[in-house]
Number of protein chains: 2
Amino acid sequence: MKAIIQTDTSDPSSLSWQDTQTPTPAADEALVRVHYAGVNRADTLQAQGHYPPPSGTTDIMGLEIAGVVEDPNGCTWPDGRPVEAGERVAALLSGGGYAQYSVVPQGQLLPLPDGYDLREAASVVEVACTVWSNIMMTAHVDEGDTVLVHGGAGGIGLFAVQTAKALGARVAVTAGSAEKLETCRGYGADILVNYREQDFAEVMKDAGGADVILDIIGAKYLAGNVASLAPDGHVVIIGMQGGVKGELNIGALLAKRGSVSATGLRYRDRADKARIVAATVENVWPMLADGRVRHHIDRTVPVSDVAEAHRALLAGEVTGKIVLEVE
Amino acid sequence: MKAIIQTDTSDPSSLSWQDTQTPTPAADEALVRVHYAGVNRADTLQAQGHYPPPSGTTDIMGLEIAGVVEDPNGCTWPDGRPVEAGERVAALLSGGGYAQYSVVPQGQLLPLPDGYDLREAASVVEVACTVWSNIMMTAHVDEGDTVLVHGGAGGIGLFAVQTAKALGARVAVTAGSAEKLETCRGYGADILVNYREQDFAEVMKDAGGADVILDIIGAKYLAGNVASLAPDGHVVIIGMQGGVKGELNIGALLAKRGSVSATGLRYRDRADKARIVAATVENVWPMLADGRVRHHIDRTVPVSDVAEAHRALLAGEVTGKIVLEVE
């Protein structure tokens with residue numbers, strides 16, 4: 001098969017579509033012929049050498065795909081129904097999506113959301129699993145909660161805004177421009193904070209505090225996040241764009257009875273991923289099917305143009321997702 | 001009635017048993033004639049001016065009592081049965097226990113554990129609610145988990161060790177002497193760490209990590225606690241004897257998918273306290289009744305000797321609880 005191979009580990013842009021070994025599915029894995037693959041920030045980090053695949057996983061990048069089952073290899077769906085050759089599926093991967101074929105653990109296969117084609121499905125898996133596992137399975141957003149989403153106009157941000165609204169929450173967002181904040185408002189955000197002009201912690205305190213904060217900044221926002229919490233509030237950190245080490249004021253956290261969690265999807269074991277995938281299909285797929293959550297694709301490009309796609313993503317030129325067309 | 005009044009706010013030892021107004025129960029509060037009151041570290045902090053009672057609460061110290069219902073005032077137990085005059089009860093308070101009478105919100109009344117007298121019951125409420133609310137309701141200890149208890153030989157520590165063992169956990173403790181560690185072993189601790197001689201994070205890493213850490217130290221142990229976590233582990237901080245502000249390595253926390261919570265009992269609202277009290281009676285009272293958890297009383301003194309009791313507690317001369325005899 002062909003796949004994107006990084007030919008120079010010191011050059012993140014040395015991404016070439018070339019021949020490599022077709023993977024062989026092990027027990028409880030299916031082989032899927034990839035039609036589309038989603039691009040994620042994690043892929044760009046991997047190309048830079050910062051985000052190695054879990055041990056036992058291919059070096060090929062790509063965390064989500066959609067395509068057609070080539071070899072079901074005895075896999076079953078969670079309800080026991082056999083996976084069939086020719087079925088259209090999406091998949092959450094630990095790697096290997098930038099390729100003509102991927103092996104997929106059976107618990108990480110997903111049906112397409114109703115009304116979604118392969119192109120849309122390929123690019124919605126990672127964000128949907130990330131948002132649901134964090135705002136619901138980790139932080140348990142309840143109806144009437146206030147949810148603060150940092151980077152509200154990003155791919156995860158816009159998805160989180162809509163999912164939290166669908167759960168009956170009031171949603172606050174931070175973003176760096178009036179235009180981005182208007183985009184957030186269009187997707188349902190109630191409280192708009194321009195972080196270049198306002199102190200988000202002050203705004204959140206005036207708004208009664210946040211029950212759940214979804215954070216991609218890390219150290220730089222840690223003190224502000226703790227200050228923004230409502231009683232029994234929960235900060236969930238899924239990115240560290242603002243640094244790794246920050247001062248935690250435990251007294252301030254205790255005064256709120258607050259929690260700080262830091263999570264990721266890629267290094268979870270298969271049982272955990274299967275649990276997240278099942279919950280996402282059960283809860284988020286209906287939100288996509290009826291339009292409560294709209295998935296935004298910025299552009300679709302041939303897989304051989306992946307280096308340019310990575311460049312555009314890192315340059316902040318992208319709203320929503322980039323999809324690679326493989327088949 | 002008589003109560004312990006602090007006559008000089010700048011002198012924590014100026015605690016005098018003197019006349020004051022008998023409190024009047026509001027709606028959903030019962031009046032209880034106090035026979036015994038438990039002494040807690042929080043009371044000593046309040047006497048030092050560091051731990052003010054929640055607004056609307058009496059200035060009188062004392063967070064737990066047992067006694068006899070003087071005026072049920074229409075209160076009911078969670079199952080709907082009316083509280084009756086003359087019933088023997090224990091109670092979790094926001095304050096006011098060092099007195100002949102206390103008003104108790106109905107959700108904070110507890111029956112005595114089977115086989116417990118008023119003296120034992122008075123001093124077990126705070127520790128039982130604290131341990132259960134943290135290791136189970138916040139951190140969800142499962143059978144087979146590894147639980148690390150800092151200050152394992154303290155009042156909360158010994159109770160947490162036994163409760164975690166009763167839940168089927170493997171229990172590690174830290175303490176500052178071989179004698180204290182032997183006490184912990186006697187109550188069921190499996191892994192003993194002398195913090196004066198060993199790095200607890202190294203020990204815990206070798207032991208496979210801690211799923212739950214109950215911490216009373218705060219800042220000084222923050223890095224070691226994060227390093228000690230097993231994947232998906234949870235640090236619950238309930239004290240800050242080692243400082244308030246510490247550096248949180250978010251990258252290290254994310255690598256574990258870990259959580260850090262900081263909690264307390266006193267400032268929770270009534271609904272929350274009622275929820276904790278009910279869960280504690282349901283789950284911990286049977287452990288006390290059948291001896292899986294043994295409650296240790298160090299000494300019982302007349303309420304007028306409370307200043308000496310505080311001194312002994314702060315001097316580290318106490319193993320388990322001090323009880324004040326009021327009636």
Side-chain angles (χ1 to χ4, degrees), chain A residues 42 45 50-52 54 130 133-134 137-140 215-223 225-226 229-269 271-273 275-276, chain B residues 42 45 50-52 54 130 133-134 137-140 215-223 225-226 229-269 271-273 275-276:
Chain A
L45 292 173
H50 296 323
Y51 195 61
T130 295
S133 63
N134 284 294
M137 299 171 80
T138 297
H140 310 287
D215 176 56
I216 55 173
I217 301 299
K220 189 176 161 193
Y221 276 11
L222 184 58
N225 280 335
V226 171
L229 285 179
D232 303 296
H234 198 155
V235 182
V236 184
I237 302 173
I238 61 171
M240 298 178 290
Q241 296 176 28
V244 170
K245 293 181 181 179
E247 183 180 88
L248 180 65
N249 185 329
I250 300 169
L253 190 66
L254 199 147
K256 306 285 182 73
R257 293 186 301 274
S259 296
V260 177
S261 298
T263 85
L265 208 45
R266 191 178 197 181
Y267 300 102
R268 291 179 186 269
D269 65 24
D272 215 11
K273 283 180 179 159
R275 197 171 58 89
I276 289 168
Chain B
L45 292 173
H50 296 323
Y51 196 60
T130 295
S133 64
N134 284 295
M137 300 171 80
T138 297
H140 310 286
D215 177 56
I216 55 173
I217 302 299
K220 189 176 161 193
Y221 276 12
L222 184 57
N225 281 335
V226 170
L229 285 179
D232 303 296
H234 198 155
V235 183
V236 185
I237 303 173
I238 61 170
M240 297 179 290
Q241 296 176 27
V244 170
K245 293 181 181 178
E247 184 180 87
L248 180 64
N249 184 329
I250 299 169
L253 190 66
L254 199 147
K256 306 285 182 74
R257 295 186 300 275
S259 297
V260 177
S261 298
T263 84
L265 208 46
R266 191 178 197 180
Y267 299 102
R268 291 179 186 269
D269 64 24
D272 216 10
K273 284 180 179 160
R275 197 170 58 88
I276 289 169

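In the text below, chain A, chain B and the rest are named by the order of the sequence lines, each starting its count at 1. Everything numeric here is computed off the predicted structure, so don't read it as measured data.
Interatomic distance, CZ of A/R257 versus CG of B/L265, reported as 9.0 Å (0.5 Å rounding).
The residue among A/N249, A/I238, A/I237, A/L254 with the most heavy atom pairs within less than 4.5 Å of chain B is A/L254. Listed options A/V260, A/D269, A/T263, A/V235 were ranked by heavy-atom pairs under 4.5 angstrom with chain B; first place goes to A/V260. Ranked by non-hydrogen atom pairs under 4.5 Å with chain A, the options B/V236, B/T138, B/L222, B/I250 are led by B/I250. Ranking B/G218, B/G264, B/G243, B/G258 against chain A, the residue ahead of the rest is B/G258, based on heavy-atom pairs under 4.5 Å.
A 4.5 Å side-chain heavy-atom check between B/D272 and A/D232 finds at least one atom pair inside the cut-off.
Each of B/L248, B/V244, B/L253 was scored for a side chain to side chain contact (heavy atoms under 4.5 Å, CB included) with A/L248, with one residue passing: B/L248.
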